Amino acid sequence: MELEGERPPAPAPGVGRERDRPVRWREVRLRRSADFDRVRREGRTWSHPLFVLIAAPNPMGVTRIGVVAGRRVGRAVARNRAKRLLREAARHLHPHLATGWDLVLIARPPILTVKGPQVEAALEELARKAGLWQEE
RNA sequence: CAGGUCGGCCAGGCGGUCGCGCUCCGCGCAUCGCGCGGGGUGAGGAAAGUCCGGGCUCCACAGGGCACGGUGCUGGGUAACGCCCAGGCGGGGUAACCCGACGGAUCGGGCCACAGAAACAGACCGCCAGGUUGGUGGGUUAGCGGGAUAUGAGCAUCCCGCUGAUUCCCCCAUAUACCGGCUACCGGUCUACCAGAUACCCGUCUACCAACCUGGCAAGGGUGAAAAGGUGGUGUAAGAGACCACCGGCGUCCGGGGUGACCCGGGCGGCCAGGCAACCCCCACCGGGAGCAAGGCCAAGCAGGGGCGACGUGGGGGCAAGCGAAGUGCCGCCUGCCCCCACACGGGGCGGCCCGUCCCGUCCGAGCCCCGGGUGGGCCGCUUGAGGCGGCGGGCAACCGCCGUCCCAGAGAGAUGACCGCCCACGACAGAACCCGGCUUAUCGGCCGGCCUGGAGC
RNA sequence: GCGGGCGUGGUUCAGUUGGUAGAACGUCUCCUUGCCAAGGAGAAGGCCACGGGUUCGAGUCCCGUCGCCCGCU
């Protein structure tokens, strides 16, 4: 399912491969408003009915992930639900993602109709399209 | 048992794997801090909407008046409320029970479309009295007169006219005779006088209809959401609370009950004239402004520029320099700086205005406006509180007091999720962001209790 | 957290002392033209966002709900 054509720059080399270790989610979160703005301004976009993936390279050697659910998704309960599903999927699949990227996941309303594994499958599909997927 | 009504409670549960926020203990690295292991704890009845009320924090705290906003039966509860409890009154329901912005309409302004005579004061139809003018049909029958036919003449027969407005019949008219309907109209039904003379003459009495005029009336009709107390009687030309009886309502006074709203009984009064104050308004009571992005501390960083802007005046004091032939003293004059007082002006506190008051400033300038620059990190506030539970006591209750006991989320891109198994029989509305008390709205289903109505059985 | 505004025909908007809801454009029918457009004549189309209340009567006044938009910090 490798996508041909132009591809984002290769991940920074020489980063340790510690995929066996459980990911410490709090260390790989994208937190600052400036980071979100930078990714959405400079990054490339891949979309899926459940959510949208935006990716931009960073020079830090780690892959950070931010999660967004706007008012279109629903009220507070619905937005929390959407962000939890996206965080859980990202946490599980983080070891398979290329390093040195900042990712933003934007929830769409249909995500409320599915369960966890479908979100993980959708994230894997988008990661493959973006060329960020690394088979173990 | 069925239906109804009111109140209270629960908000899927258990187990396993991988994860999250906070916190405690131990160990390790070891400056903050980080990592590992273990324990504890972790969203709601509405956390929601932000419709009220407070606490807390900062700003401001002589005060007065006027605005503005809110609340609106009474008493109580409370930190406070527009909330709650109890009671009163009004309305709904067979009942339990539920609902009610529920002060004032004889201080004033305003509004009440259309219809209707009139919407708060009146007369369209109508009823009554008086006056003026005009009118009251036809038939039959009778009388009288005339004529025609016929005859000697008459009677008789036929025709016409007049009279009896009244006795027999018919028709017509009449919105207060009655019934029905599409209701000032239409249809149907009923009634339409009395007396008197010889229905002849004279005279008298009197009825009815129409139009108009003058006056009286407010019963009835019709309009409307709303029209002047209701029923019966007296009374009158016709009528009317004009008067009377009973009933209903209003005002006022007295007596009684209640803290009070209000209720009960009695007397008196005129029946005086509606509704809307979620229209203005009046009355009573309440209300400073902002909000945890409040506010405080630490660290880091930066760069300033422009515009508007009040006239100042008088007095006093201190210091310094100069001048008055001389003088480190005294006095006077003058200049500069600083301070105080009074007045004027400008600005601010003072939330909208005025008075008043306090503070700052008046050309080295208070304050205001515009442009530009830096930061957007950390800590505190931050959860022990009008707190939960249990018991006792007070109170009809809301609630309050005392004692005991418990600690029960504190995040900061923002913590409860993912997967599997089982059970109940499939899980609704929905996520804390400073904290409480209420209200309102959303909500699958289940449990418990009080009361009411109906039916059945003992 | 605090504050403000708006929901009316298909669309854009009016609508004051509360009294039968209007305009423009659009739609439809007819006329005009060989045909279309323009033009002329006429018509249809609204539970005034929703639910209660006040009033005889509510688009309008009061309370609540929903949706959309804006401002300040």
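Quick caveat: nothing in here was measured; it's all calculated off a predicted structure. Sequence lines set the chain letters: A, B, ... in the order given, protein chains first and strands last, and positions in each chain run from 1.
When the P atom is compared between rA366(B) and rG305(B), the two are found 15 Å apart, to the nearest whole Å. rG18(C) and rC281(B) are spaced 15 Å apart, taking the P atom of each and rounding to whole Å. Taking the C1' atom of each, rG90(B) and rC262(B) are spaced 13 Å apart, rounded to whole Å.
The interatomic distance linking L112(A) (CG) with rC429(B) (C1') rounds to 16 Å, in whole Å.
Taking the nucleotide of RNA chain B with the nearest heavy atom to each of K83(A) and G116(A), the more 5' of the two is matched to K83(A). Between E88(A) and N80(A), the residue anchored nearer the 5' end of RNA chain B, judged by the nucleotide with its closest heavy atom, is E88(A).
With contacts defined as side-chain heavy-atom distances shorter than 4.5 Å, the pair L97(A)/I65(A) qualifies. Between N58(A) and W101(A), the closest side-chain pair of non-hydrogen atoms is not below 4.5 Å.
Across all strands, R75(A) comes closer than 4.0 Å only to sugar-phosphate atoms, never to a base (heavy-atom distances).
One finds a side-chain N or O of R84(A) lying less than 4.0 angstrom from the OP1 or OP2 phosphate oxygen of rU416(B).
The residues R128(A) and E124(A) are annotated as salt-bridged, a charged nitrogen and a carboxylate oxygen being separated by less than 4.0 angstrom.
Of the candidates rC18(B), rA415(B), rG431(B), the closest approach to any side-chain atom of R91(A) belongs to rC18(B). Of the candidate nucleotides rA413(B), rC18(B), rC419(B), rA413(B) has the atom lying nearest to any side-chain atom of V68(A).
Pair assignment for rG312(B) gives rC343(B), based on Watson-Crick or G-U wobble hydrogen-bonding distances that are each under 3.5 Å.
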